[in-house]
Amino acid sequence: MLHPPAPIAIVGAMHDELAALLAAMPDEQPVRAAGRDFWQGHLEGQPVVVVLSRIGKVAAATTATVLLERFGVRAVLFTGVAGGLAPGVRVGDVVVATELLQHDMDASPLFPAYEVPLYGRARFAADAALAEALAGVAAEALREPAALLGAQAVQDFGLAAPRVHRGLVASGDRFVATAAESERLRAALPEALAVEMEGAAMAQVCHDYGVPFAAVRTVSDRADDAAHTDFTRFVATVASRCSEAVVRAALRRLAPRR
Ligand code: ADE
(Lines give C-alpha, C1' and ligand atoms only; values in the text may rest on other atoms or scores of the structure.)
Protein backbone atom coordinates (compact mmCIF):
# COMPACT_ATOMS: atom_id res chain seq x y z
CA MET A 1 0.00 0.00 0.00
CA LEU A 2 1.23 3.51 -0.83
CA HIS A 3 1.85 5.82 2.10
CA PRO A 4 0.80 9.44 1.68
CA PRO A 5 3.81 11.73 1.20
CA ALA A 6 5.21 13.26 4.39
CA PRO A 7 4.18 16.89 4.84
CA ILE A 8 6.34 19.96 4.24
CA ALA A 9 6.58 22.32 7.23
CA ILE A 10 5.96 26.00 6.64
CA VAL A 11 7.07 28.15 9.53
CA GLY A 12 6.79 31.85 10.26
CA ALA A 13 7.77 33.88 13.30
CA MET A 14 4.81 36.25 13.37
CA HIS A 15 1.11 35.94 12.89
CA ASP A 16 0.84 38.46 10.03
CA GLU A 17 3.35 36.45 8.05
CA LEU A 18 1.31 33.26 8.20
CA ALA A 19 -2.23 34.63 8.21
CA ALA A 20 -2.56 34.64 4.44
CA LEU A 21 -1.26 31.08 4.15
CA LEU A 22 -3.66 29.78 6.77
CA ALA A 23 -6.53 31.52 5.00
CA ALA A 24 -5.59 29.72 1.76
CA MET A 25 -5.73 26.23 3.33
CA PRO A 26 -9.05 24.54 2.59
CA ASP A 27 -8.84 21.92 5.33
CA GLU A 28 -6.60 23.15 8.14
CA GLN A 29 -6.87 21.39 11.49
CA PRO A 30 -4.90 22.53 14.53
CA VAL A 31 -2.89 20.12 16.64
CA ARG A 32 -1.68 21.65 19.90
CA ALA A 33 1.88 20.81 20.97
CA ALA A 34 4.55 22.68 22.94
CA GLY A 35 2.15 25.59 23.43
CA ARG A 36 1.69 26.11 19.69
CA ASP A 37 -0.95 25.30 17.09
CA PHE A 38 0.42 23.14 14.29
CA TRP A 39 -2.01 23.49 11.38
CA GLN A 40 -2.20 20.29 9.35
CA GLY A 41 -3.79 20.42 5.92
CA HIS A 42 -3.06 21.11 2.28
CA LEU A 43 -1.72 24.00 0.26
CA GLU A 44 -1.53 23.78 -3.52
CA GLY A 45 -2.51 20.14 -3.20
CA GLN A 46 0.51 19.29 -1.02
CA PRO A 47 0.30 18.06 2.57
CA VAL A 48 1.69 20.75 4.87
CA VAL A 49 2.05 21.63 8.53
CA VAL A 50 1.91 25.40 9.06
CA VAL A 51 3.07 26.84 12.37
CA LEU A 52 3.94 30.06 14.10
CA SER A 53 7.34 29.53 15.68
CA ARG A 54 7.25 32.77 17.65
CA ILE A 55 10.34 34.90 17.83
CA GLY A 56 13.95 34.00 18.62
CA LYS A 57 16.30 31.07 18.32
CA VAL A 58 14.96 28.95 21.18
CA ALA A 59 11.36 29.30 19.97
CA ALA A 60 12.55 28.33 16.49
CA ALA A 61 14.47 25.30 17.76
CA THR A 62 11.51 24.04 19.80
CA THR A 63 9.22 24.42 16.81
CA ALA A 64 11.60 22.60 14.48
CA THR A 65 12.04 19.74 16.93
CA VAL A 66 8.29 19.19 17.26
CA LEU A 67 7.85 19.34 13.47
CA LEU A 68 10.53 16.70 13.00
CA GLU A 69 9.70 14.40 15.91
CA ARG A 70 5.94 14.54 15.95
CA PHE A 71 4.92 15.41 12.41
CA GLY A 72 7.74 13.67 10.51
CA VAL A 73 8.00 16.53 8.01
CA ARG A 74 10.16 15.91 4.94
CA ALA A 75 11.41 19.50 4.69
CA VAL A 76 11.19 22.73 6.67
CA LEU A 77 10.59 26.02 4.90
CA PHE A 78 10.88 29.23 6.88
CA THR A 79 9.18 32.36 5.59
CA GLY A 80 9.27 35.81 7.11
CA VAL A 81 11.00 39.16 7.20
CA ALA A 82 14.58 40.23 7.81
CA GLY A 83 16.65 43.36 8.22
CA GLY A 84 18.85 44.15 5.22
CA LEU A 85 22.54 44.21 6.11
CA ALA A 86 24.65 44.10 2.93
CA PRO A 87 24.74 47.42 1.06
CA GLY A 88 22.47 46.47 -1.87
CA VAL A 89 19.81 44.66 0.15
CA ARG A 90 16.85 47.06 0.25
CA VAL A 91 13.42 47.12 1.81
CA GLY A 92 11.13 44.98 -0.37
CA ASP A 93 13.94 42.79 -1.70
CA VAL A 94 13.83 39.05 -1.03
CA VAL A 95 16.71 37.13 0.54
CA VAL A 96 17.01 33.37 0.07
CA ALA A 97 19.48 31.78 2.48
CA THR A 98 22.15 29.51 1.10
CA GLU A 99 23.88 29.35 4.51
CA LEU A 100 22.93 30.49 8.00
CA LEU A 101 25.01 31.48 11.01
CA GLN A 102 24.34 32.68 14.57
CA HIS A 103 25.87 36.14 14.84
CA ASP A 104 25.56 36.08 18.64
CA MET A 105 27.34 32.73 19.10
CA ASP A 106 30.73 33.38 20.67
CA ALA A 107 32.52 30.82 22.85
CA SER A 108 35.94 32.35 22.14
CA PRO A 109 38.66 31.79 23.09
CA LEU A 110 37.57 28.16 23.54
CA PHE A 111 36.21 28.05 19.99
CA PRO A 112 36.45 30.48 17.08
CA ALA A 113 33.82 33.24 17.16
CA TYR A 114 30.50 32.14 15.60
CA GLU A 115 31.45 28.45 15.68
CA VAL A 116 28.78 26.31 17.33
CA PRO A 117 30.78 24.42 19.97
CA LEU A 118 31.30 20.73 19.22
CA TYR A 119 29.81 21.01 15.74
CA GLY A 120 33.07 22.22 14.22
CA ARG A 121 31.23 24.77 12.13
CA ALA A 122 29.65 28.20 12.26
CA ARG A 123 27.53 27.92 9.13
CA PHE A 124 24.69 25.54 8.37
CA ALA A 125 23.78 25.10 4.72
CA ALA A 126 20.27 25.47 3.38
CA ASP A 127 19.10 22.75 1.02
CA ALA A 128 20.44 23.77 -2.39
CA ALA A 129 17.48 22.53 -4.44
CA LEU A 130 14.91 24.17 -2.17
CA ALA A 131 16.87 27.43 -2.12
CA GLU A 132 17.06 27.37 -5.91
CA ALA A 133 13.30 26.78 -6.20
CA LEU A 134 12.56 29.61 -3.75
CA ALA A 135 14.86 32.05 -5.54
CA GLY A 136 13.26 31.15 -8.87
CA VAL A 137 9.68 31.64 -7.73
CA ALA A 138 10.58 34.81 -5.80
CA ALA A 139 12.16 36.32 -8.93
CA GLU A 140 9.01 35.52 -10.89
CA ALA A 141 6.74 36.95 -8.20
CA LEU A 142 8.76 40.18 -7.98
CA ARG A 143 8.72 40.76 -11.72
CA GLU A 144 5.46 42.67 -11.31
CA PRO A 145 5.59 44.19 -7.84
CA ALA A 146 2.31 46.08 -8.22
CA ALA A 147 0.43 42.90 -9.07
CA LEU A 148 1.94 41.16 -6.07
CA LEU A 149 1.90 43.90 -3.45
CA GLY A 150 -0.59 46.45 -4.71
CA ALA A 151 0.17 49.81 -6.32
CA GLN A 152 -0.17 51.68 -3.01
CA ALA A 153 2.45 49.56 -1.25
CA VAL A 154 4.82 49.89 -4.21
CA GLN A 155 4.49 53.67 -3.96
CA ASP A 156 4.61 53.89 -0.13
CA PHE A 157 7.68 51.69 0.23
CA GLY A 158 9.41 52.56 -3.06
CA LEU A 159 9.29 48.94 -4.23
CA ALA A 160 9.44 49.58 -7.97
CA ALA A 161 12.30 47.16 -8.70
CA PRO A 162 12.75 44.66 -5.86
CA ARG A 163 15.53 42.10 -6.25
CA VAL A 164 16.21 38.56 -5.09
CA HIS A 165 19.52 37.90 -3.28
CA ARG A 166 21.02 34.56 -2.32
CA GLY A 167 23.65 34.03 0.33
CA LEU A 168 24.51 34.09 4.01
CA VAL A 169 21.83 35.02 6.56
CA ALA A 170 22.80 35.90 10.13
CA SER A 171 20.48 35.04 13.03
CA GLY A 172 20.60 36.17 16.65
CA ASP A 173 18.43 36.94 19.64
CA ARG A 174 18.50 40.66 18.94
CA PHE A 175 16.29 42.92 16.90
CA VAL A 176 19.01 44.98 15.22
CA ALA A 177 17.69 48.53 15.34
CA THR A 178 20.64 50.90 15.32
CA ALA A 179 22.97 51.94 12.53
CA ALA A 180 25.89 51.39 14.90
CA GLU A 181 25.00 47.75 15.50
CA SER A 182 24.32 46.94 11.87
CA GLU A 183 27.62 48.64 10.96
CA ARG A 184 29.42 46.40 13.46
CA LEU A 185 27.74 43.31 12.00
CA ARG A 186 28.56 44.38 8.44
CA ALA A 187 32.21 44.82 9.38
CA ALA A 188 32.42 41.48 11.22
CA LEU A 189 30.39 39.50 8.66
CA PRO A 190 30.80 41.20 5.29
CA GLU A 191 29.15 38.31 3.48
CA ALA A 192 25.93 38.45 5.51
CA LEU A 193 23.02 39.70 3.41
CA ALA A 194 20.43 40.04 6.14
CA VAL A 195 19.78 39.64 9.83
CA GLU A 196 16.86 37.89 11.54
CA MET A 197 16.14 35.93 14.71
CA GLU A 198 15.33 32.30 13.89
CA GLY A 199 16.83 30.84 10.72
CA ALA A 200 20.20 29.55 11.90
CA ALA A 201 18.64 27.82 14.91
CA MET A 202 16.17 26.02 12.71
CA ALA A 203 18.90 25.13 10.22
CA GLN A 204 20.95 23.60 13.04
CA VAL A 205 18.05 21.43 14.23
CA CYS A 206 17.31 20.31 10.67
CA HIS A 207 21.00 19.50 10.24
CA ASP A 208 20.82 17.34 13.39
CA TYR A 209 17.91 15.40 11.90
CA GLY A 210 19.24 15.30 8.32
CA VAL A 211 16.12 17.02 6.98
CA PRO A 212 16.28 19.72 4.26
CA PHE A 213 15.81 23.31 5.41
CA ALA A 214 15.30 26.51 3.45
CA ALA A 215 14.48 30.10 4.36
CA VAL A 216 13.09 32.99 2.37
CA ARG A 217 12.86 36.46 3.88
CA THR A 218 11.40 39.70 2.63
CA VAL A 219 13.48 42.68 3.74
CA SER A 220 11.32 44.82 6.03
CA ASP A 221 13.95 47.33 7.21
CA ARG A 222 17.65 48.14 7.01
CA ALA A 223 18.46 47.11 10.61
CA ASP A 224 19.25 50.77 11.34
CA ASP A 225 17.81 53.57 13.46
CA ALA A 226 14.59 53.50 11.42
CA ALA A 227 14.23 49.70 11.63
CA HIS A 228 11.50 49.69 14.23
CA THR A 229 9.04 51.89 12.32
CA ASP A 230 9.87 50.42 8.90
CA PHE A 231 9.44 46.90 10.27
CA THR A 232 6.03 47.54 11.84
CA ARG A 233 4.59 49.20 8.72
CA PHE A 234 6.03 46.60 6.40
CA VAL A 235 4.88 43.54 8.31
CA ALA A 236 1.34 44.84 8.55
CA THR A 237 0.97 45.72 4.87
CA VAL A 238 3.42 43.87 2.65
CA ALA A 239 5.10 40.87 4.23
CA SER A 240 2.20 38.46 4.30
CA ARG A 241 1.41 38.93 0.59
CA CYS A 242 4.98 38.23 -0.35
CA SER A 243 5.21 35.15 1.90
CA GLU A 244 1.98 33.74 0.57
CA ALA A 245 2.89 34.19 -3.07
CA VAL A 246 6.37 32.74 -2.74
CA VAL A 247 5.40 29.77 -0.57
CA ARG A 248 2.45 28.82 -2.75
CA ALA A 249 4.49 29.08 -5.93
CA ALA A 250 7.29 27.03 -4.35
CA LEU A 251 4.83 24.31 -3.33
CA ARG A 252 3.49 24.18 -6.89
CA ARG A 253 7.02 23.81 -8.18
CA LEU A 254 8.07 21.06 -5.76
CA ALA A 255 6.81 17.85 -7.28
CA PRO A 256 5.02 15.66 -4.73
CA ARG A 257 7.07 12.61 -3.79
CA ARG A 258 5.17 9.37 -4.35
N1 ADE B 1 13.67 40.85 11.33
C2 ADE B 1 13.29 41.89 10.57
N3 ADE B 1 14.04 42.97 10.79
C4 ADE B 1 14.97 42.60 11.72
C5 ADE B 1 16.01 43.27 12.37
N6 ADE B 1 16.28 44.55 12.09
N7 ADE B 1 16.74 42.58 13.29
C8 ADE B 1 16.46 41.30 13.56
N9 ADE B 1 15.47 40.63 12.99
C10 ADE B 1 14.73 41.26 12.06
Side-chain angles (χ1 to χ4, degrees), residues 10-20 52-61 63-64 77-97 99-106 114 124 126 134 138 149 153 156-159 162-204 213-244 246-247:
I10 297 163
V11 188
M14 289 184 308
H15 184 262
D16 286 317
E17 296 168 353
L18 285 186
L52 197 63
S53 64
R54 303 203 290 237
I55 296 168
K57 292 189 297 173
V58 175
T63 306
L77 207 162
F78 198 102
T79 174
V81 293
L85 209 56
V89 180
R90 302 205 176 86
V91 171
D93 286 0
V94 167
V95 171
V96 176
E99 293 182 299
L100 303 101
L101 155 158
Q102 297 178 46
H103 67 74
D104 55 357
M105 173 62 76
D106 186 359
Y114 309 117
F124 290 84
L134 286 172
L149 308 167
D156 291 352
F157 291 93
L159 307 176
R163 295 174 55 203
V164 179
H165 309 265
R166 287 190 231 194
L168 179 66
V169 168
S171 312
D173 285 320
R174 298 178 61 77
F175 184 78
V176 180
T178 65
E181 185 171 359
S182 54
E183 192 47 58
R184 270 196 302 278
L185 281 171
R186 237 186 324 275
L189 294 165
E191 278 178 71
L193 297 176
V195 66
E196 39 84 310
M197 301 179 69
E198 297 84 20
M202 216 160 241
Q204 183 176 333
F213 172 77
V216 57
R217 297 272 190 173
T218 313
V219 176
S220 56
D221 58 81
R222 279 287 304 166
D224 56 12
D225 298 322
H228 174 69
T229 34
D230 289 349
F231 171 87
T232 311
R233 274 184 346 128
F234 193 89
V235 167
T237 52
V238 178
S240 66
R241 292 192 216 170
C242 205
S243 283
E244 183 198 1
V246 171
V247 168

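One-based numbering, in listed order, for ligands and for the atoms of each.
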Give the residue, atom name and distance (to 0.1 Å) of the protein heavy atom nearest [atom].
atom: atom 4 (C) of ligand 1; result: Phe175 CE1, 3.4 Å
atom: atom 8 (C) of ligand 1; result: Arg174 O, 3.5 Å
atom: atom 3 (N) of ligand 1; result: Asp221 OD2, 2.7 Å
atom: atom 10 (C) of ligand 1; result: Val195 O, 3.7 Å

With the side chain counted from C-beta on, respond yes when [X] and [Y] share a heavy-atom pair under 4.5 Å apart, and no when they do not.
X: Ser240; Y: Glu244; value: no
X: Leu159; Y: Arg90; value: no
X: Phe213; Y: Leu100; value: yes
X: Leu52; Y: Thr63; value: no
X: His103; Y: Arg184; value: no
X: Glu181; Y: Arg174; value: yes

Legend entry - Side-chain (Arg217) to main-chain (Gly83) donor-acceptor, under 3.5 angstrom: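 Side chain of Arg217 to backbone of Gly83: no pair is present.
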
Residue [X] vicinity, atoms of ligand 1 by number, heavy atom under 4.0 Å:
X: Val176; result: 5 (C), 6 (N), 7 (N), 8 (C)
X: Phe231; result: 2 (C), 3 (N)
X: Ser220; result: 2 (C), 3 (N)

Inset, instruction - Classify the contact between Ala223 and ligand 1 as side chain, backbone, both or neither, using a heavy-atom distance cut-off of under 4.0 Å. - result: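 It is both backbone and side chain that touch ligand 1.
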
Legend entry - For atom 1 (N) of ligand 1, the option (of Val91, Val81, Asp224, Leu185) bearing the nearest heavy atom: Val81

Inset, instruction - Could you say whether the N/O atoms of Gly83 and ligand 1 ever approach to under 3.5 Å? - result: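 Among all N and O atoms of Gly83, at least one is under 3.5 Å from an N or O of ligand 1.
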
Inset, instruction - Give yes if a backbone or side-chain nitrogen or oxygen of Met197 is under 3.5 Å from a nitrogen or oxygen of ligand 1, and no if not. - result: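 N/O-N/O distance under 3.5 Å: no.
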
Inset, instruction - May I ask you to say whether Asp104 pairs ionically with Lys57, meaning some side-chain N is under 4.0 Å from a carboxylate O? - result: yes

